[in-house]
Amino acid sequence: MRPLLRDPATLLPSLAAAAPHLHLLRALHAHLLVSGRLATPSHLAAFVASLVSSSHHHLDYARLVLPGRPATLLAHNALLRALARGPRPGLAFAAFRGLPLPPDNYSLNFLVRAATALAAAAAAERPVPVPVPAEVSARLLAVSAHGAAVRLGHAADPHVQSGVVSMYAALGDVAAARAAFAEIACPDLVCVTAMVGALAAGGEVDAARDLFDGMPLRDHVAWNAMISGYVHVGRSREALRLFDEMQRAGAAVGEATLVSVLSACAQIGALDHGKWAHWYMRSQGMRLSITLGTALVDMYSKCGAVAAAMEVFESMGERNVYTWTSAVSGLAMNGMGLECLELFERMENAGIQPNGVTFVAVLRGCSMAGLVEEGQACFDSIKKKHGVDPWLEHYGCMVDLYGRAGRLDDAINFINDMPVEPHEGVWGALLNASRIHNNVELGKYALDKLLAIESENDAAHVLLSNTYAESQNWKGVSRVRGMMKNKGVKKVPGWSAIEVDGKVHEFFVGGKSHPRYKEIEMMLAEMSRRLKPEGYAANTKEVLFDIEEEEKEGAISLHSEKLALAFGLIALPEGVEIRIVKNLRVCRDCHDYTKLVSKVFDREIIMRDRNRFHHFKDGKCSCKDYW
DNA sequence: ATAGGGTTAG
């Protein structure tokens, strides 16, 4: 005979996921008691899980229900699992200690997951100078969970093994992950993959790659771990190469893969690759999730395709802080300060709480567009309206805002009024402002402060040297050169990347290794020839100061962006814009040079440097020579 | 009758 009503107990599994209200749970409890089903372990376990699930935390209720029942691990493990997944994973440890039965491999696994959740939460907190207490306690709990697994004889369980490895990875402790992994006699594929992930996320990509290459089988998760590892350390070209291999190997390309691929494209400005990824996800009918959509917005923004970025942004049904921040920051990077402020206002109206990263983006937008008053208002609102203490970076942005606008006094007063000790970013901003406005004295002052904090900052030395150079103070330039030599400060080598026919070409300062270098050399000569009548003379003020005076002109012509530019003129058909991505700030000479090339060769050139975009057209740049 | 590895913003 079929029951007339659906048995309420069948609702249990879905209730566990749905965070039900207390009255519903009480009714269910009554039903389970009356029908006697609460005595069966599976029903009890499911009921406990629904009590402790997600935000509705009826923990005390669960604690009342459990002791009155014959103790089963099934029910207690359900509690552990729910606690580990819940908003306060630390509670799983107390429950574990209070277990009325010897824990099994499942219990240990849930305990390890709880420690992982704590570690991840601690890592997600803003980096602060000293380790946060959450991190310290996460570490202690991780070690104790691992110890418990070993002590209780569950260290050989494959689920526990992979869990322990990724737990240490979540803590950011690669050494501990390595040590734990070394103890495992026969790690299975999932466990090896976890180790690949741990190494990759910890920045040890080459070690990760060795392990990865040695795997007899690799599924899509292993590929994803490896690809994201490359992206993480900025080796995006290798990431894209590996992605090609992944496809040839027939591994499943999913959301996680594409997010990493898009991030790689964003880093090196590989717009064609990025467009392809966008096309691919559409052709596969993939849903535009928040994560994927955000990665797309970021990719298009960082490739200088703001319109496309905004199109994706507007088409998204759901957005979170990351999405909004990416869009706001995209507008800022592209010098669209007013639009950036407008979007920020929309964000606030939409009820999305901005965070510190958002404010950095807005302040940078103001700084680039010279919107001093607006930036001031934004800075004040951080504390007044949002009740958040500004980060040091926000102070740095303000110094940059005043400094770029030429309001050096305001910048200095601002620094003097800071309630916290200025950090290197603040002095760096002041140093940069001194360079822009040729104030050598102030530059020296800022550099002294900067070096007192961070004595090996290469960018600082380069900035000071450039400040000297712009005021023709060659003695000063060589003094900085000496300082750098003495301290062993190495200048980060500049590179520029350009994408042609879906292939990314990378150029380094003075590099001659490109297969088409002969043609590039000829093109460079032609460029010089055609630029001379336009009044171009190599600007030897800002140069690499490790090069002797008489070599300057020759050396300048080989800055990586010039090589990329020459290659773009050769390899890209007329009428196609040239897109170049560079890892450092573009120097004044290359900026002047590129402006003229855009006019003489009638090309649009879009150059992304360390800080922002430059859209060159008809001999002018979108930054209005202000960067 | 409960478990595992990979994914976004400055």
Side-chain angles (χ1 to χ4, degrees), chain A residues 13 16 40-46 48-49 72-82 84-85 104-113 116 126 154 157-167 169-170 187-198 200-201 208 215 218-229 231-232 246 251-252 254-263 266 289-299 301-302 319-330 332-333 354-365 391 393-394 396-397 425 611:
Chain A
T40 55
S42 61
H43 281 136
L44 179 63
V48 166
T72 65
L73 268 182
L74 194 62
H76 282 273
N77 284 345
L79 178 66
L80 282 179
R81 182 183 64 152
R85 283 186 188 166
D104 65 1
N105 48 340
Y106 285 88
S107 326
L108 262 309
N109 186 37
F110 295 138
L111 193 69
V112 166
R113 298 213 64 70
T116 308
R126 267 299 298 169
H154 295 299
D157 181 276
H159 292 269
V160 172
Q161 288 174 336
S162 54
V164 165
V165 170
S166 57
M167 173 181 75
D188 68 1
L189 280 184
V190 172
C191 189
V192 178
T193 307
M195 193 59 221
V196 170
M215 290 172 76
R218 309 170 190 92
D219 65 5
H220 65 282
V221 180
W223 287 96
N224 291 347
M226 205 53 241
I227 291 173
S228 80
V231 175
H232 209 74
M246 175 182 182
E255 176 164 335
T257 322
L258 286 174
V259 167
S260 290
V261 166
L262 286 171
S263 176
S289 67
I290 293 193
T291 313
L292 212 38
T294 305
L296 272 173
V297 170
D298 182 51
M299 181 278 292
S301 301
K302 288 187 178 158
R319 312 179 182 112
N320 62 14
V321 212
Y322 282 64
T323 320
W324 284 94
T325 304
S326 293
V328 167
S329 150
M333 249 186 303
N355 63 24
V357 180
T358 321
F359 292 121
V360 171
V362 178
L363 290 175
R364 281 172 55 93
W391 297 348
E393 280 135 296
H394 299 134
C397 288
N611 298 323

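Below, chain A is the first sequence line, B the second, and so on; all start at residue 1.
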Between A:T358 and A:N355: side-chain donor-acceptor atoms closer than 3.5 Å: yes

Listed partners of A:R218 passing salt bridge (Lys or Arg N to Asp or Glu O under 4.0 Å), at least two apart: none

Residues A:N109, A:N77; criterion side chain to side chain donor-acceptor pair (under 3.5 Å); working and verdict: CA-CA 10 Å; A:N109 186 37; A:N77 284 345; over 6 Å; no

A:N320/A:T323 under side chain to side chain donor-acceptor pair (under 3.5 Å): CA gap, chis, key distance, verdict: CA-CA 5 Å; A:N320 62 14; A:T323 320; 2.9 Å; yes

Nearest-angstrom distance from the residue atom CZ of A:R319 to P of B:dA9: 18 Å

Interatomic distance, A:H232 NE2 vs B:dA9 C1' [rounded to whole Å]: 14 Å

Aromatic centroids of A:H394 and A:W391 separated by under 6.0 Å: yes

Where protein sits on nucleotides 1-7 of chain B, one letter per nucleotide: B base, S sugar-phosphate only, - none, heavy atoms under 4.0 Å: BBBBBBB

